[in-house]
> 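One structure, pasted below without further comment.
Counting starts at 1 for both ligands and their atoms, in listed order.
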Amino acid sequence: MANTEDFFKKITSHAKEYGFIYQSSELYDGLSAVYDYGPNGVELKNNIKNYWWKAMTQMHENIVGLDSAVFMHPKIWKASGHVDAFNDPLIDNKDSKKRYRADVLIEDYLAKIEEKINKEIVKAKKRFGDNFNQEQFLATSDRVKGYQAQIENVHSRFAELMNNNDLKGLRDLIIELEIACPISGTRNWTDVRQFNLMFATKMGSVSDDSDTIYLRPETAQGIFVNYLNVQKTNRMKIPFGIAQIGKAFRNEIVARQFIFRMREFEQMEMEFFCRPGTEMQWFEYWKQERLNWHLALGIPKEKYRYHDHEKLAHYANAATDIEFEFPFGFKELEGIHSRTDFDLKRHQEFSGKKIQYFDSEINESYTPYCVETSIGLDRTFLAVFSYAYNEETLEDGSVRTVMKLPKMLAPYRCAVLPLVGKDGLPEIAHGIVNDLRLSYRVHYEEKDTIGKRYRRHDAIGTPFCITVDNETPQDNCVTIRERDTMQQERVAIENIREYIAKH
Ligand code: GAP
């Protein structure tokens, strides 16, 4: 936990110092679990969006886009099941008056036992040195086996309670495990209650229940309720997909994980409609396709893994998460669900309008099945950002902080730096900027020593620094410094574009 906290402190302060992310309403001491993206953050975020949008709508002929409104008819959330079942089990500590998710308290308890196992491994590694065999150690150490049995026992009971929605059982388990409030240190707990995660507001001037509308907790429903519009207006033939990027809102209670879990966040979702009976084939296709999308960023494949769901939501017949190894462990980054015909059927039922597709190939009408890919934009930002963050000790003993962002996602593709702000160098540098800016986002900077400017661009993640020096007016060449290797190469001005494209 200490490491996790250190990590969040480091990442949060770097994100703030270099204009990536600020706490929302900071001037007024902040608003919990809500964040604003600064000038560099919004560029990185937009680049991730573009990368996803193009991968979906440009690389697949049968996927089209949509931008549906945040406000939707309240019945939509009845039909989708969110009004009745989009809940978290909450428990309050009577002494600290702090509110927790009951399931997270138990998960944290299990994580602490895992931590004990990890400590045993570290100790044993030290003891056995090169002869250490982790698998054998885990299978034979009595202490580790004891911890593992404890985890299995608590986990299976916990899973059953969650599946059965047994709130009293959850509270009893918290008491039995002697879980204490981290603030007050006491075990003086209230009952566990279900808490709906949707934000509600009123539309219009009359305040009765019929005017209650919700801020959407997922973008997906905007796609389902527009299925007929899109299919008809764009003459889509099954199988086809509808992609959407947009804000979602959830009144999250666990809010101490920076942009991992926010109350206002963005999702990139795609619903792929297919013929019933073909959904498993498409599910497998999208599982692979989405992992490939992540891997194309150049982040090692060991950082990703699938986590197949053992217990499926009532509307799904297959589900997997793509998890990413954040510095605080493997966590869900994206969900891929085979949602059957649940959503379209429910909207058909609640709206009273027929939602069917006539498949001329088989001469049949049916409600399409759907495979969903749903990824958090902010969570992807955090994955990329935390992976990119590196502190490197250089030969002279100094430390540089460098953001090794995938080059295509970096806020600036290059910086153009005249060595001094005179002798005609700024004019040459501006010429280079003007030449490149139609293709790339380029930063011109002449303040500070060249070393400081390099460091600043390392910290932002700019892949190339192009230095215009005193030789440039004579030889028409610049020095290009590459961010990750810090290697420098002399390149003719006319070849800069080619150099950047090649690298
Ligand atoms: N339509 C399906 C759906 O919304 P989900 O697993 O609840 O599924 C999908 O959310 C993705 O949205 C998650 O994998 C995660 O990346 C992101 N996400 C969910 N809740 C979030 C939150 N509170 N803050 C940031 N991202 C979140």
> Identify the closest protein heavy atom to atom 25 (C) of ligand 1: which residue and atom is it, and at what distance?
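It is F260 O, 3.3 Å.
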> Of the listed options (H337, R216, Q267), which comes nearest to atom 12 (O) of ligand 1 when hydrogens are ignored and any heavy atom counts?
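Ranked by closest heavy atom to atom 12 (O) of ligand 1, first place is Q267.
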> Answer yes if the ring centres of F381 and Y37 are under 6.0 angstrom apart, and no otherwise.
yes
> Is the backbone N or O of Y315 less than 3.5 Å from a side-chain atom of T340, with the two atoms forming a donor-acceptor pair by type?
yes
> Name the option, out of F224, F324, F265, that contains the heavy atom nearest to atom 21 (C) of ligand 1.
F265
> Kindly identify the option in E334, E218, R250, Q257 whose heavy atom sits closest to atom 5 (P) of ligand 1.
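It is R250 that holds the nearest heavy atom.
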> What do you reckon, does L333 put a non-hydrogen atom under 4.0 Å from ligand 1?
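So L333 counts as touching ligand 1.
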> Tell me: protein heavy atom nearest atom 24 (N) of ligand 1, and distance?
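For atom 24 (N) of ligand 1, the nearest protein heavy atom comes out as M262 N, 2.8 Å.
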> Closest non-hydrogen protein atom to atom 8 (O) of ligand 1, residue and atom name please, with distance?
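So the nearest neighbour among protein heavy atoms is S374 OG, 4.0 Å.
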> Does the N40 side chain pair with the main chain of Y18, one donor and one acceptor, at a distance under 3.5 Å?
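Answer holds: yes.
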> Checking I174 against I91 for the side chain to side chain contact (heavy atoms under 4.5 Å, CB included) test, could you report, in this order, the C-alpha distance in whole Å, the side-chain angles of both residues, the deciding distance, and whether it holds?
CA-CA 10 Å; I174 288 171; I91 189 165; 4.1 Å; yes
> What do we get for R379 next to ligand 1 when only non-hydrogen atoms under 4.0 Å count, side chain, backbone, both or neither?
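For R379, only side-chain atoms sit under 4.0 Å from ligand 1.
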> Can you find an N or O of D378 that's nearer than 3.5 Å to an N or O of ligand 1?
no
> To which protein heavy atom is atom 17 (C) of ligand 1 closest, and what is the distance rounded to 0.1 Å?
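For this ligand atom, the closest protein heavy atom is G376 CA, 3.6 Å.
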> For residues F260 and F326, establish whether the separation of their ring centroids is below 6.0 Å.
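Under 6.0 Å, so yes.
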> Suppose we measure from atom 2 (C) of ligand 1 to each protein heavy atom; which comes out shortest, and what is that distance?
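The closest one turns out to be E372 OE1, 3.0 Å.
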> Applying the salt bridge (Lys or Arg N to Asp or Glu O under 4.0 Å) test to D92, which of K98, K97, R193 qualifies?
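So the option named by the test is R193.
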> Any salt bridge (charged side-chain N to carboxylate O under 4.0 Å, His left out) pairs touching residues 152-163, not counting sequence neighbours?
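Sorted pair list: R157-E176.
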> Answer yes or no: does an N/O atom from A220 fall short of 3.5 Å to an N/O atom of ligand 1?
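The answer is no, given that A220 and ligand 1 share no N or O pair closer than 3.5 Å.
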> Who's the nearest protein heavy-atom neighbour of atom 14 (O) of ligand 1, and how far?
E332 OE2, 2.6 Å
> Between F272 and Y285, does the ring centroid distance fall short of 6.0 Å?
no
> Should you measure from each heavy atom of E269, which atoms of ligand 1 turn up under 4.0 Å away?
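Answer for ligand 1: 1 (N), 2 (C), 3 (C), 4 (O).
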> Do F240 and H60 have ring centroids that are under 6.0 Å from one another?
no
